[in-house]
**Student:** 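Below: one structure in structure tokens.
The sequence lines fix the lettering, A, B, ..., with proteins before strands; numbering per chain opens at 1.
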Number of protein chains: 2
Amino acid sequence: MNTNFDIENFILDFSNSCQKKQKKIFSKNEVVTTYIKNRNQLCILLDGNADLVRYDLNGNRTIVEHFSKNALFGEVFYTITTNNELLVEAKSNCTVLFYSYDDIFHKCRNNCKFHQTLSENLPQLILNKVTDLNMRIELLTKRSTRDKLLGYFSLLSTRKLSTSFELPFSLTDLADYLSVDRSAMMRELKLLKEDGFIEKIGNRITLLYK
Amino acid sequence: MNTNFDIENFILDFSNSCQKKQKKIFSKNEVVTTYIKNRNQLCILLDGNADLVRYDLNGNRTIVEHFSKNALFGEVFYTITTNNELLVEAKSNCTVLFYSYDDIFHKCRNNCKFHQTLSENLPQLILNKVTDLNMRIELLTKRSTRDKLLGYFSLLSTRKLSTSFELPFSLTDLADYLSVDRSAMMRELKLLKEDGFIEKIGNRITLLYK
DNA sequence: TATTTTCCGTTGCAAAAGCAACACATTATG
DNA sequence: CATAATGTGTTGCTTTTGCAACGGAAAATA
């Protein structure tokens with residue numbers, strides 16, 4: 001997520017000022033938080049990687065979002081409307097700052113620096129989230145596994161400004177992110193290699209098409 | 001989109017105050033606007049229905065969002081990252097208010113009432129958009145056409161607080177919204193009827209499962 | 001380091017979805 | 001009102017995807 005303000009300083013303000021916060025450390029595979037209706041939690045991933053994951057009634061797992069260092073998440077950015085279970089799972093050891101609001105848009109009484117920065121930047125932060133979500137929708141509306149893969153690769157390529165990049169996911173997780181069957185995705189990956197679209201060495205993909 | 005403030009009054013302010021605006025009338029199937037990079041247009045649908053539509057390279061059409069009376073749209077809510085063509089098509093005769101920003105978060109010089117209301121409410125408005133997008137992602141991550149249909153129906157049912165409701169789309173458009181083949185969707189609809197999940201009379205669906 | 005667990009890569013088979021085509025109904029439009 | 005355009009409903013066939021299962025590689029863990 002790209003932001004237009006200094007997120008490092010923001011985090012510093014957050015850590016130093018407002019009292020209603022908690023810092024916690026998680027090990028890999030632990031549940032960082034569960035999204036709960038009518039709560040407004042704001043979380044900052046200080047270190048590590050985590051995924052926002054949903055399990056549906058058929059037992060399918062979907063990776064809704066992938067978070068890395070400095071990512072902001074929590075119900076603030078995800079108004080819950082259904083009763084699906086949404087949880088954030090640590091993909092590596094993680095350090096997370098938690099902050100709970102009654103109303104995210106109201107400043108706290110002490111009028112601390114953190115809140116000032118937050119309320120100034122929250123619209124932009126949420127807008128960044130909107131961008132992410134729209135990208136995700138664009139991926140998901142692609143009709144075939146092949147197009148989803150190519151779409152996702154092209155996105156990573158654009159981000160890294162290179163035709164070669166590491167996947168931020170294991171292949172198993174990538175399938176859950178693209179919402180396709182893993183083995184079908186593997187088959188398609190093989191075909192993409194055979195058809196000369198990509199090269200794949202371990203977790204590194206290189207795009208070969210112009 | 002549900003908002004927490006008086007959108008009718010907001011629109012009134014919009015119409016009466018700020019000068020940099022335009023009101024236009026469109027007939028069915030006309031293009032209301034095309035989303036353009038690095039522009040921040042804010043549009044309000046005063047009357048009628050419209051869809052945000054994307055055409056991909058394979059010629060597939062996707063309905064990204066569906067707008068009805070009082071909906072807000074425009075690049076403000078959709079940061080463009082890819083070069084797909086995104087356009088808003090009038091589905092009926094429409095009246096639309098346009099407003100163009102250099103920077104959506106800066107107040108205009110005259111400090112008009114519209115801008116005041118807007119900057120106060122923009123975060124909430126964007127948050128509502130986030131909710132919509134998340135719901136859409138939830139639909140799109142469903143693995144089968146059946147689950148997409150049932151998921152969408154259940155959503156409409158929740159909104160209308162009734163197990164019976166009108167589809168806001170033609171069936172052709174519904175397929176484009178759920179990102180599935182129309183004929184396959186029709187087949188699935190028939191099966192849902194045969195299996196006793198739904199009843200369908202014209203555009204009206206009734207859910208029969210508990 | 002030995003052992004368990006997770007992930008990768010693959011395959012055969014079944015199920016689902018897409019494609020193309022068509023007849024008919026409904027809705028716009030000259 | 002006649003005609004054109006669009007939407008609905010259906011079907012046969014093909015392609016894609018999902019499911020289940022398995023062996024081996026890699027990584028985590030005791």
**Student:** Taking CG from Asp147(B) and C1' from dT17(D), how many angstroms apart are they, rounded to a whole number?
**Tutor:** 15 Å
**Student:** In whole angstroms, how far is the C1' atom of dA16(C) from the NZ atom of Lys148(B)?
**Tutor:** 12 Å
**Student:** OP1 or OP2 of dT16(D) less than 4.0 angstrom from a side-chain nitrogen or oxygen of Ser144(A), does that happen here?
**Tutor:** no
**Student:** Going by the ring pair (Phe, Tyr, Trp, His ring centres under 6.0 Å) test, name the single residue among Tyr99(B), Tyr35(B), Phe67(B) that passes it with Phe73(B).
**Tutor:** Phe67(B)
**Student:** I need the CG-C1' distance between Asp176(B) and dG7(D), as an integer number of Å.
**Tutor:** 12 Å
**Student:** To the nearest angstrom, how far is Leu149(A) atom CG from dT16(D) atom P?
**Tutor:** 14 Å
**Student:** Please list, chain by chain and in numerical order, all residues satisfying salt bridge (charged side-chain N to carboxylate O under 4.0 Å, His left out) with Arg54(B), sequence neighbours excluded.
**Tutor:** Glu138(A)
**Student:** Mapping Thr172(B) and Asn60(A) onto DNA chain D by nearest heavy atom, which one lands closer to the 5' end?
**Tutor:** Thr172(B)
**Student:** Would Thr79(B) and Thr131(A) satisfy side chain to side chain donor-acceptor pair (under 3.5 Å), going step by step from the backbone distance to the final call?
**Tutor:** CA-CA 5 Å; Thr79(B) 313; Thr131(A) 305; 2.9 Å; yes
**Student:** Return the value, rounded to whole Å, for the distance between atom CG of Leu191(A) and atom P of dT16(D).
**Tutor:** 9 Å
**Student:** Taking distance alone, no hydrogens or angles, what donor-acceptor pairs closer than 3.5 Å link side-chain atoms of residues 170-177 of chain B to residues at least two apart or in another chain?
**Tutor:**
from: Ser170(B); atom 1: OG; to: Asp173(B); atom 2: N; distance (Å): 3.1
from: Asp173(B); atom 1: OD1; to: Arg61(B); atom 2: NH1; distance (Å): 3.2
from: Asp173(B); atom 1: OD2; to: Lys91(B); atom 2: NZ; distance (Å): 2.7
from: Asp176(B); atom 1: OD2; to: Arg61(B); atom 2: NH1; distance (Å): 2.5

**Student:** Can you give me the bend angle of the helix from dT1(C)-dA30(D) to dG30(C)-dC1(D)? Use the axis through the first five pairs and the one through the last five, nearest 10 degrees.
**Tutor:** 60°
**Student:** So among Arg146(B), Lys193(B), Arg182(B), Lys200(B), which one has a salt bridge (charged side-chain N to carboxylate O under 4.0 Å, His left out) with Glu188(B)?
**Tutor:** Arg146(B)
**Student:** Hydrogens and angles aside, do Gln41(B) and Thr33(B) bring a side-chain donor and acceptor to less than 3.5 Å of each other?
**Tutor:** yes
**Student:** Listing time: all N or O pairs from protein to nucleotides 9-11 of chain D that are below 3.5 Å?
**Tutor:**
from: dG9(D); atom 1: OP2; to: Lys200(B); atom 2: NZ; distance (Å): 3.1
from: dG9(D); atom 1: N7; to: Arg182(B); atom 2: NH1; distance (Å): 3.1
from: dG9(D); atom 1: O6; to: Arg182(B); atom 2: NH2; distance (Å): 3.1
from: dT11(D); atom 1: OP2; to: Lys190(B); atom 2: NZ; distance (Å): 2.9

**Student:** Tell me, please, whether Phe98(A) has Lys23(A) positioned over its six-membered ring: NZ or CZ under 6.0 Å from the ring centre and within 45 degrees of its axis?
**Tutor:** no
**Student:** What N/O pairs connect the protein and nucleotides 28-30 of chain C at under 3.5 Å? Give each pair on its own line.
**Tutor:**
none

**Student:** Is a donor on one side and an acceptor on the other found under 3.5 Å between the side chain of Ser164(B) and the backbone of Thr206(B)?
**Tutor:** no
**Student:** Measure from the side-chain N and O atoms of Glu75(A) to the backbone N and O of Leu42(A), and report whether any donor-acceptor pair falls under 3.5 Å.
**Tutor:** no
**Student:** Could you list the residues that satisfy salt bridge (charged side-chain N to carboxylate O under 4.0 Å, His left out) with Glu199(B), not counting sequence neighbours?
**Tutor:** none
**Student:** Are Glu65(B) and Lys129(B) close enough for a salt bridge, meaning some N to O gap below 4.0 Å?
**Tutor:** yes
**Student:** Arg146(A) has an atom CZ; how far is it from atom C1' of dA17(C), in whole Å?
**Tutor:** 17 Å
**Student:** Whole Å only: how far is the CG atom of Leu174(A) from the C1' atom of dG9(C)?
**Tutor:** 15 Å
**Student:** Tell me the interatomic distance from Asp181(B), atom CG, to dT15(D), atom C1', rounded to whole angstroms.
**Tutor:** 12 Å
